[in-house]
Amino acid sequence: MAHSATTAHGGPGPTAHGGPGEDRTRRDFLLYATSAVGVAGTALALWPFIDSMNPAADVLALSSSEVDLAPIAEGQSVTVTWRGKPVFIRHRTAEEIKAARDVNPGEMPDPQKDEDRVQKPEWLVLVGVCTHLGCIPLGQKPTDMKGQFGGWFCPCHGSHYDTSGRIRLGPAPANLAVPSYTFQSDTTIRIG
Amino acid sequence: MSAPASRNKLVKWIDDRLPVFTLMQHSAIDYPTPKNLNYWWNFGSLALFVMIIMILTGIFLAMNYTPHTAHAFESVERIMRDVNYGWLLRYLHMNGASMFFLVVFIHIFRGLYYGSYKNPREILWWIGLLIFFSMMATAFLGYVLPWGQMSFWGATVITNLFSAIPVVGQSIVTWLWGGFSVDNPTLNRFFALHYLLPFVMFALVFIHLWALHTVKSGNPLGIDVKGPQDTIPFHPYFTIKDLYGIGLLLIVYLYFVFYAPNFFGEPDNYIPANPMVTPPHIVPEWYFLPFYAILRAVPDKLFGVILMFASILVLFLLPWLDTSKVRSARFRPIYKQLFWLFLIDCLVLGYIGAKPPEGGYVLVGRIATIYYFAHFAFLPILGWIERPRPLPESISAPVIKGGAAKMMEKA
Ligand code: HEM
Ligand code: FES
């Protein structure tokens, strides 16, 4: 019953080629080499599967949107869709800009100066997704609650954003994100 | 054969409650395997390997596929052009189907040559045939999904086979379609079933292996294992041999995937389905051709369908049709010749299935069909008249007669 005694290493004992010791290290080497190649190969083969779940080319192609700003009056907000998410564009009033710039960012949960969040002071462009757990904050319509800081208020768990879209109060950890955008002309922007 | 699992405390803790490690130890490590298996015994593990690839690629394809007549074709094109590595997943799946059939055909013919279907492996053989049936159904359903011209007309022709059934035939076809032609409800249910069946197959493979590990593997000599001197443990001898086989298969498989991905396909299936126009020459996928040839060999609709199904069903009876006690064709001089003739006959049927049903092809198709069944009809008689060559005493007997005998005794 040679094999049942040596199943772990498989060799039929002393009758195998070479001495038992030499046999053992060679077998070990082969085992480790085979396993290493197998594991590396499998890992590489898995990548196409994983990557196929990433955004496809047609999804990426949808990832820029152009917006005409001309019809948006001062004090008005519009929501456009970009990558399936709402983007808030607010034509800020002088008071709103002043309110955003008169505070000391140092006291905020996610300190950032208003100047760093806009390209032109009157145009604030934000991804309208609460940084807490992804709800859409209120504040776009004139009748909406705008929270204690006159910006946006997320009804899900009560996050208050100011007129620069910065988190001021509530559970959200970060300011509303600013998407990358460029001014194509004075009155058009291209998001993404 | 105590489980070395007990070396590790956690392993032992789990094993005492759910003996997965003991199971693996018995069935993938210790499993006593005849030491004289040749490479034809690799094809079972190859089939398992291809099946796993099919299920994996299938699941990821399904994430981007839309089972609706208005979107199916485009969603497949999107997979080809836009989805990251979508082309790879799809070509692996398409060519995987062909590899699966290739491997399983060889697996079945291995069984025919070495008499693997005989006592005590009848149920193992049956489960194998059930797997084969599910494979054919799955392949057919899958071919419909891209909703090209061949998908649509293949689905129409195959579902219409059931209309041959007297009285209820047409109602059955309507039921299969969920309407009055192959249309969106058909596509929708075909997708659901195409997703389901591979998991049924997976379960059947487990039963297949359960049966296998109960009766143990046969071997090229077709004689029973007489004792431990006739076997070696599955690991490392057959784990490494099966891995080597997988390496070779991958070379063939990936050659097609990367260099000739549409070799097995029909160009017409890149034309979106059009219920108003049938392509001039519709042929099934290559693996259905022999059965297709049998269907067309008969001028009568109902009888043709019956004969086609019978060509597979007759394999279920094989363990009793073959009355010879000797398993391996090596020791059956006449059966061995007949085996090769039968294999050639199947290849001829495949060739005829790909040709238009006209002129000499019809005649050859009919002769080949008759020969197909004549082969099985003759087997019971052959068992009585054939004089088998003498069988070796045991698997290791030829070796023991040589120089290794003394060593084996010592061990
Ligand atoms: C998904 C398809 C299948 C898988 C994954 C599969 C898997 C396996 C495996 C792993 C083995 C042991 C290794 C070997 O003998 O090659 C085996 C043995 C066997 N299979 Fe299959 N099989 C499949 C389909 C079939 C079909 C379609 C048949 C026949 C109708 C069949 C009949 C047999 C028989 C008779 C044996 C025992 C052979 C012997 O030991 O002599 N299998 N199968
Ligand atoms: S999601 Fe906005 S506060 Fe929780």
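Below, each value reflects all heavy atoms present in this structure, side chains not excepted, and no hydrogens, waters or symmetry copies. From a predicted model like this one, the values you see are computed outputs, not experimental measurements. Order of the sequence lines fixes the chain letters, A, B, ..., with proteins taken first and strands second; residue numbering starts at 1 for each chain.
- Judged purely by atom type and a 3.5 angstrom limit, T239(B) has no side-chain atom pairing as donor or acceptor with the backbone of H235(B).
- Under a 3.5 Å cut-off, the side chain of R90(B) and the backbone N or O of V76(B) do not form any donor-acceptor pair.
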**Report entry** From CA spacing to verdict: disulfide bond (SG atoms under 2.5 Å apart), C156(A), C135(A)
**Finding:** CA-CA 7 Å; C156(A) 287; C135(A) 293; 2.0 Å; yes

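- Residue contact with chain A, scored on non-hydrogen atoms closer than 4.5 Å, is absent for L61(B).
- Of the listed residues (A57(A), P55(A), A61(A)), the greatest number of heavy-atom pairs within a distance under 4.5 Å of chain B belongs to A57(A).
- Your options are A45(A), S52(A), G38(A), and the one with the most heavy-atom pairs under 4.5 Å with chain B is S52(A).
- Side-chain atoms of N8(B) never come within 3.5 Å of backbone atoms of K12(B) as a donor-acceptor pair (strictly under, hydrogens ignored).
- In this structure, chain A has no heavy atom under 4.5 Å from any part of I79(B).
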